[in-house]
Every structure is written in C-alpha cells, then in structure tokens.
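What follows is a short report on a single structure.
Below, chain A is the first sequence line, B the second, and so on; all start at residue 1.
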Number of protein chains: 2
Amino acid sequence: MSTPRTARALARETLTQEILDAARARLRSDGPAGLSLRAVARDVGMVSSAVYRYFPSRDALLTRLLIDSYGELGEAVERAETEVAREDTGGRWLAACRALRTWCMDRPGDFALLYGTPIPGYAAPQDTVEPATRVIQVLARIVGDAYADGARAVPAPRGGAGTDATVAGARDFVVEHGLARSGLATESVVRTLMAWSQLFGTVSFELFGHLAGSVTDPARWYDEVAIRLAADLGIQLRV
Amino acid sequence: MSTPRTARALARETLTQEILDAARARLRSDGPAGLSLRAVARDVGMVSSAVYRYFPSRDALLTRLLIDSYGELGEAVERAETEVAREDTGGRWLAACRALRTWCMDRPGDFALLYGTPIPGYAAPQDTVEPATRVIQVLARIVGDAYADGARAVPAPRGGAGTDATVAGARDFVVEHGLARSGLATESVVRTLMAWSQLFGTVSFELFGHLAGSVTDPARWYDEVAIRLAADLGIQLRV
DNA sequence: CTCGAAATGAGAGCGGCGCTCTCGCAGTGC
DNA sequence: GCACTGCGAGAGCGCCGCTCTCATTTCGAG
C-alpha cells in the first residue's frame with residue numbers, strides 16, 4: 001500500500017494490480033464462473049503458475065474482486081446520493097436507487113459475483129461482510145434522515161406476527177453505524193430492509209431476464225418500484 | 001413418452017431417466033456450476049462419452065433439469081394453494097408464498113439453477129419460458145380471484161410516471177392465461193409483479209446469506225413480507 | 001431368416017481448467 | 001561476496017466438456 005522501497009516490491013505491486021485489472025476485465029466479459037486464472041495469466045503475459053505468487057488461489061482472487069466491487073458499488077450509490085441536497089430525502093432516495101440499478105446493469109458480471117449464485121465450494125471470508133453492507137447503509141441513512149424530518153413509514157397491516165425480535169440485528173446495525181440521528185422506529189427498519197430486497201429482486205429479475213415479456217421499459221418500471229418504496233417509507237418525493 | 005415398442009427404446013427411456021435422476025442428485029448436492037457430466041456418467045456406471053448418446057451436451061441436460069424444476073416448483077406452489085378453500089384468497093396467498101420459500105430452501109441447487117446467475121455461455125431455450133411462468137401464474141390467479149371478490153390494491157402514490165404502457169405485456173399475459181375472471185386493474189397487475197420480485201428477492205437474500213446478521217428468524221420475516229404484500233394487493237387475511 | 005443399417009457403449013484423445021512441485025535466475029540484505 | 005529469498009517457467013496431476021473411432025448389439029426390411 002505505501003511507497004515500495006525496492007524494485008522487487010514495486011514490481012510486485014504493479015503486477016498485482018495488472019492481474020487484478022485483467023481479472024476484472026474477464027469478470028466483466030465472462031462472468032464469475034467463466035473467470036479462469038489461466039486466462040488471466042495469459043492476458044498479463046504470464047504462465048499460470050506464476051500468478052500463484054500473487055494470489056494463493058482462484059478463490060483469493062475472487063475474494064479480492066468481490067471486496068473491490070462491493071466498494072465500487074457502495075461508492076457509486078453513495079456518490080449519487082450525496083450529490084442531491086441533503087434535505088431532499090426523496091431525491092436522495094431516488095438517486096441512490098437509480099445509481100444501484102445503473103451500476104448493476106453496466107456490470108452484470110460484477111452483479112453476479114456480488115449477489116448471484118455463490119460459487120460452489122466458495123465461502124465468502126469475513127472481510128467481505130463489512131463492504132457488503134455499504135448499499136444498505138446508504139439506504140438506511142436516507143431513511144434515518146427522513147425519519148428525523150418527520151417521515152413515518154406506513155404502519156404494518158394487521159395480522160403480522162410482530163417483527164421487533166426478528167430485526168433486532170438490523171436495529172443494532174443501524175445504531176452501531178450511526179445511520180439514524182435520533183432513533184428509528186422498528187417499522188422503518190423493517191420497511192428499509194424489505195425495500196432493499198425488493199430493489200435487489202427487481203434488478204436481478206431484469207438482469208437475468210425474468211421480466212422479459214412482462215415489462216417493456218425496465219428503467220421506468222424500476223423507478224416505479226423505487227417511488228412506491230419511498231411512499232411506504234413515508235419519504236416525500238418532490239414532484 | 002408413450003409405451004416403447006422395442007427393448008432398445010425401453011432401455012433408452014430407462015437410462016435417460018437414470019441419467020436425469022443422477023444429474024438431479026448432483027444438482028442438489030453440488031449446485032448447477034458443480035454439475036459435471038462426467039460425474040453423472042460415473043454415477044450411472046457409464047463412460048462419459050456414452051451419456052452423449054442421450055444428451056447432446058451438458059447444456060441440454062441442464063435445460064431438461066431446468067424445465068423439470070420449474071414444473072416441480074410450480075406444482076408445489078399450486079398444490080399448496082389449491083389445498084386452501086377457494087374463497088379464502090388470503091389463505092391461498094399465504095400458502096402459495098410459503099410453499100415458494102419452502103421449496104427453494106429445500107433445494108438451493110435447483111433455486112440457483114432457476115433464478116441464480118445464468119451459466120456463462122448458456123442461453124435458456126424457448127421451451128423453458130412457459131414453465132418458468134407457473135409461479136407468477138398462481139400468484140396472478142389468486143390476485144384475480146381476490147379482485148373479483150372486491151379486493152382492491154392500494155393506489156399508487158403520486159409521482160409515478162404511469163405504468164400502463166410499461167406492464168402491457170403483463171396484462172396480456174394475465175388475459176391470455178385466463179388468470180382473472182373479470183378483468184384486473186392495472187394497479188393490481190403492477191403490484192402482483194412487484195410482489196413476485198419482492199418474494200424472490202427475500203428468498204434469494206436468505207439463501208445466499210445477505211440477511212445474515214439482520215434477520216434472526218427468516219421464516220417469520222418472510223411471512224411478514226408475504227402479509228404486507230397481501231395488504232398492498234388488498235387481499236384480506238383471516239386473523 | 002438374413003443381412004445391411006442404425007443405435008449403443010467403451011476407449012483414446014484434444015484442449016482447457018485449478019493447483020503443485022521443481023528448477024534456474026535475479027534481486028536483496030548482511 | 002554470499003547466502004537467502006522472491007520469482008517465472010515448465011512439467012505434471014486429476015478434473016472438465018466434447019469428439020472420434022471401433023466393436024458389439026439390436027432392429028427392421030426384404
């Protein structure tokens with residue numbers, strides 16, 4: 001990470017990055033399952049065994065890509081959201097949602113890596129957990145800000161079994177990460193989490209072709225989803 | 001399919017089924033990406049090249065599994081739904097939703113095949129489209145019946161861009177398949193489609209570990225999702 | 001019943017995969 | 001200057017999907 005002192009350390013850093021870049025290109029073009037360490041090696045002009053000097057296994061390479069992609073997605077969503085005036089929570093919500101979709105559509109390979117079928121025999125190590133939560137953190141912060149401004153989620157319908165205990169972990173998460181300035185009703189936590197999985201489901205369906213034939217304009221459809229979710233959360237959208 | 005006349009035809013049918021069974025077992029244990037034709041061949045006591053007499057490629061085998069799995073899932077959801085009294089649309093909705101989750105949790109490999117990352121270089125052929133729609137058909141039929149009984153979806157929030165054109169394909173689908181006895185408001189179509197992707201997103205998050213740490217009781221959480229979706233659709237749940 | 005055609009299964013082989021091991025070379029620190 | 005370590009190349013292991021050849025079996029038309 002810091003400035004390398006020796007020629008060897010410099011070469012190592014450069015080559016590691018080259019491998020990562022080539023791997024990312026392969027990920028984009030072939031998807032996670034098609035990402036072969038040998039092909040990456042060829043791309044950087046190495047023999048396959050040499051790559052093992054830089055990454056102990058294909059899974060390690062995948063993990064690194066995973067973390068980086070989570071970071072990129074999180075940053076993209078965060079950037080889109082912060083470009084909107086802070087008090088316009090509705091605008092922030094919509095911007096964040098749209099940035100999420102745009103990023104995923106532009107990088108289906110990355111999306112598959114992050115949210116698709118886990119690679120068989122591959123368990124995401126612990127250091128991927130924190131980066132993985134960045135998107136939901138952005139969403140939760142917007143909801144938290146809106147809540148502080150008086151936005152209230154639509155109350156749960158009768159018949160629910162009670163969700164307080166179920167989402168205790170999510171509550172803790174919100175508190176620990178300081179995502180809500182002044183508390184946050186359980187109902188808002190619940191609806192935020194549901195909104196997140198709804199957004200994911202919509203993107204996934206579009207990307208994997210499950211909406212083909214039903215929805216003609218996926219961007220508009222997605223917008224409609226985001227707008228309704230905002231309404232459920234009590235977030236005002238400026239018309 | 002019909003009664004085979006010759007010993008050879010009988011053997012062919014039997015062996016085809018044996019291969020499919022072995023492949024399904026492999027799919028269940030290793031997931032779609034881990035499904036190897038050679039392993040399947042070993043399981044049925046064949047050499048790998050012999051399997052190619054029955055399936056022209058691994059993809060063809062996968063396609064067959066895909067169609068069968070769609071059918072099984074559709075049937076499971078349908079069966080659960082028809083076991084509830086016809087006029088109890090709320091009970092039918094909840095039963096269908098629960099059957100969906102249960103089936104997916106019991107068969108993560110199948111779920112990954114149906115709704116996970118598409119296998120690189122594999123395009124699902126046309127004959128998979130119809131079986132793929134069975135679940136949404138069941139959901140739409142319940143919503144259609146509820147609509148006929150007077151259930152009305154929660155109106156769209158202000159700010160929507162208008163969804164009529166976007167979901168025209170879905171409307172046609174509902175009409176063609178006779179899923180609604182007496183018309184169906186666009187709003188109900190929209191909310192049904194959104195409910196479907198919400199259910200999928202929730203299942204996917206649970207199965208792929210994206211809810212870990214936030215939700216302690218996934219079954220209860222999923223129920224809560226289903227209940228809220230019913231409320232959005234105006235479907236009454238008997239408490 | 002016979003005989004050519006078709007179906008079937010085994011085996012070898014091709015290129016590609018992840019990964020390991022060895023070997024020679026070059027940069028490094030003492 | 002020298003021992004040590006990092007590095008790239010190459011060979012090789014067992015796996016994969018898939019193709020081709022060849023011997024055997026089964027079938028159906030004459």
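- L15(B) is not listed as a side-chain neighbour of V44(B), based on a closest heavy-atom distance of 4.5 Å or more.
- Rounded to an integer number of Å, the gap from CE of M46(B) to P of dG9(C) is 4 Å.
- Under the side chain to side chain donor-acceptor pair (under 3.5 Å) criterion, the residue pairs touching residues 94-111 of chain B are R24(B)-D110(B), R28(B)-D110(B), S69(B)-D110(B), R98(B)-D223(B), R101(B)-E206(B), with sequence neighbours excluded.
- Atom CG of L37(B) is separated from atom C1' of dT19(D) by 13 Å (rounded to the nearest Å).
- Closest to the A39(B) side chain, of the nucleotides dC7(D), dA11(D), dC16(D), is dC16(D).
- In this structure, L35(B) reaches the sugar-phosphate backbone alone: every heavy-atom distance under 4.0 Å involves primed, P, OP1 or OP2 atoms, never a base.
- Under 4.0 angstrom from either OP1 or OP2 of dC16(D) there lies no side-chain N or O belonging to R58(B).
- At a threshold of 4.0 angstrom between heavy atoms, the contacts of L15(A) are confined to the sugar-phosphate backbone, with no base atom among them.
- You won't find any donor-acceptor pair under 3.5 Å spanning the side chain of S36(A) and the base of dG16(C), going by distance alone.
- Within the 4.0 Å cut-off from OP1 or OP2 of dG9(C), at least one side-chain nitrogen or oxygen of Y54(B) is found.
- The interatomic distance linking D43(A) (CG) with dC17(C) (P) rounds to 10 Å, in whole Å.
- Listed by chain and residue number, R79(A) satisfy the salt bridge (charged side-chain N to carboxylate O under 4.0 Å, His left out) test with E75(A) (two or more places apart in sequence, or in another chain).
- Distance from the side chain of V47(A) is smallest to dA9(D) among dA12(C), dG18(C), dA9(D).
- Ranking dT8(C), dC19(C), dG9(C) by closeness to the S48(A) side chain, first place goes to dC19(C).
- Rounded to a whole Å, the CZ atom of R38(A) is 12 Å from the C1' atom of dG14(D).
- Between the CG atom of D30(A) and the C1' atom of dG16(C) there is a distance of 13 Å, given to the nearest Å.
- D30(B) places none of its side-chain heavy atoms less than 4.5 Å from the side chain of L35(B).
- Note: CD (E13(B)) to C1' (dA7(C)) measures 16 Å, nearest angstrom.
- For the pair Y52(A) OH and dA9(D) P, the interatomic distance rounds to 15 Å; values are reported in whole Å.
- In this structure, T16(B) and F55(B) have side chains that are in contact, with non-hydrogen atoms separated by less than 4.5 Å.
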Fill in: Nucleic acid footprint by protein, nucleotides 23-30 of chain C - heavy-atom cut-off 4.0 Å, B for base, S for sugar-phosphate alone
---BBS--
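- Checked for salt-bridge contact, R64(B) and D68(B) meet the test: a charged N lies under 4.0 Å from a carboxylate O.
- The pair R220(A)-E224(A) fails the salt-bridge criterion, with no side-chain N (NZ, NE, NH1 or NH2) lying under 4.0 Å from an Asp/Glu carboxylate O.
- In this model, the phosphate group of dC7(D) is approached by a side-chain N or O of R12(A) to a distance below 4.0 Å at OP1 or OP2.
- Nucleotide dC18(D) holds its C1' atom 16 Å from the CZ atom of F55(B), rounded to whole Å.
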